Asker: 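Mind looking over this structure? Questions follow.
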Amino acid sequence: MAKIFCTKEIPQSGIRLLEETGHHVTINKVSDLSKQQLIKEAKNCQALLTMLTDDVDADFLEQCNHLKIISQFAVGYNNIDIAHAKAHGITVTNTPDVLTEATAELAFSLLLCVARKVIPAHKNANIGKWTGWEPLGFLGKSLHNSTVGIIGAGRIGCEFARMCRGAFKSDILYYSRSRKPAFEQRYDATQSQLQELVSQSDVISIHCPLNSATAKLFNESLFSHVKEGAIIINTARGEIVDQEALINAIKSQKLFGAGLDVTSPEPLPSTHELYNFENVVITPHIGSATLKAREEMSLLACTNIANVLQGKAPLTPVTV
Ligand code: DGY
């Protein structure tokens, strides 16, 4: 039976499944591990259950090329050098599907919070500044009949589009490498070039993976095309947005606001300038943080490990 190292505590259901199969699971219950500590632990194991915060780079893979599987507890896997893992014959898996609704719901929550100034209004009431009903107080942005631009029309982007179409009767634009005929038909969505999308959208929501093509996709030049008064939501990866360019767009009042579940770096230091803006809502990368999603992520990530250790195909391999 195999030894498995899990880099953070996760819901018990998956761990139980592995232990019932006879495997021995060690769980890191302290803080984030350094790369050297992780290498030390991985050297004793056949399988690794990783988080998006673990740096599984070429050097790590070189030193741990005995691993049979790296099972990522997330849908995104930009922290893993997939090409090197493949070269060493290590299977990499992730947890798609089970966190789609949870992450789209968080994007939707951020959108409503920004559009209706929920956080500053709450703070105001909370510090005793609610002195009466104000006809001009906390005027928000109506989302009814808005145009919503989705960057990355994968599972989460499509689910967010569905929510906006259902709730606000939004027109949907999407930017994606490939055409999505079923998505177009279902939500009357239109594929669009990036500049065109940002110049027409009242809401721009980022759902693409982080890779060399999408790093700083949202740069100063793209911001110059963004529609006046737009809201930007990012629940994908912080590095897709050039944060300096975002700050400039906020300062110039071009944007109505931004909702960010992801930043660069993470955690974003509490002294960071982005916290100074009332129209920027920041959450600490909690897109998939529902009880249901995390439970299902645990089961899926551990089933992938159990399968590979038994010589069976994993349920959700990373295939790029
Ligand atoms: C993921 O799984 O990649 C998401 O970032 C979780 O929120």
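Both ligands and their constituent atoms are indexed starting at 1 by order of listing. All residue numbers in this chain count up from 1 along the given sequence. This one's a predicted model, so the numbers in the text were calculated from it and none came from an experiment.
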Asker: Need the ligand 1 atom indices (1-based, order shown) with element for anything under 4.0 Å from a heavy-atom of A74.
Answerer: 1 (C), 2 (O), 3 (O)
Asker: Please tell me whether S13 and E295 have a donor and an acceptor in their side chains that are separated by less than 3.5 angstrom.
Answerer: yes
Asker: Do D261 and T283 have a side chain donor and acceptor closer than 3.5 Å?
Answerer: yes
Asker: Could you check Y174 against F160 for ring pair (Phe, Tyr, Trp, His ring centres under 6.0 Å), going step by step and ending with a plain yes or no?
Answerer: CA-CA 11 Å; Y174 74 98; F160 179 76; over 10 Å; no
Asker: What is the nearest protein non-hydrogen atom to atom 6 (C) of ligand 1, stated with its residue, atom name and distance?
Answerer: S288 OG, 3.6 Å
Asker: For the 3.5 Å polar cut-off, considering only N or O atoms, please tell me whether A236 and ligand 1 meet it.
Answerer: no
Asker: Is the shortest N/O to N/O distance between T235 and ligand 1 below 3.5 Å?
Answerer: no
Asker: Residue-level breakdown please: for L99 versus ligand 1, do any non-hydrogen atoms fall below 4.0 Å on the side chain, on the backbone, on both, or on neither?
Answerer: side chain
Asker: So if I count the atoms of ligand 1 from 1 in the order they appear, which ones are less than 4.0 Å from some heavy atom of V75?
Answerer: 1 (C), 2 (O), 3 (O)
Asker: Closer than 4.0 Å to some heavy atom of G287 - which atoms of ligand 1 meet that?
Answerer: 7 (O)
Asker: Pick from T147, L143, D171, V148: which one makes a side-chain contact (heavy atoms from CB on, under 4.5 Å) with C164?
Answerer: V148
Asker: What are the atoms of ligand 1, with element, lying closer than 4.0 Å to any heavy atom of H285?
Answerer: 4 (C), 5 (O), 6 (C), 7 (O)
Asker: Is it true that R237 lies under 4.0 Å from ligand 1, counting heavy atoms only?
Answerer: yes
Asker: Quick check: closest heavy atoms across I233 and L110, and the distance to 0.1 Å?
Answerer: CD1-C, 4.0 Å
Asker: Aromatic rings H88 and H84: how do their planes relate, parallel, tilted or perpendicular, breaks at 30° and 60°?
Answerer: tilted
Asker: Quick one: closest heavy-atom pair of I204 and A230, and the distance?
Answerer: CD1-CB, 4.4 Å
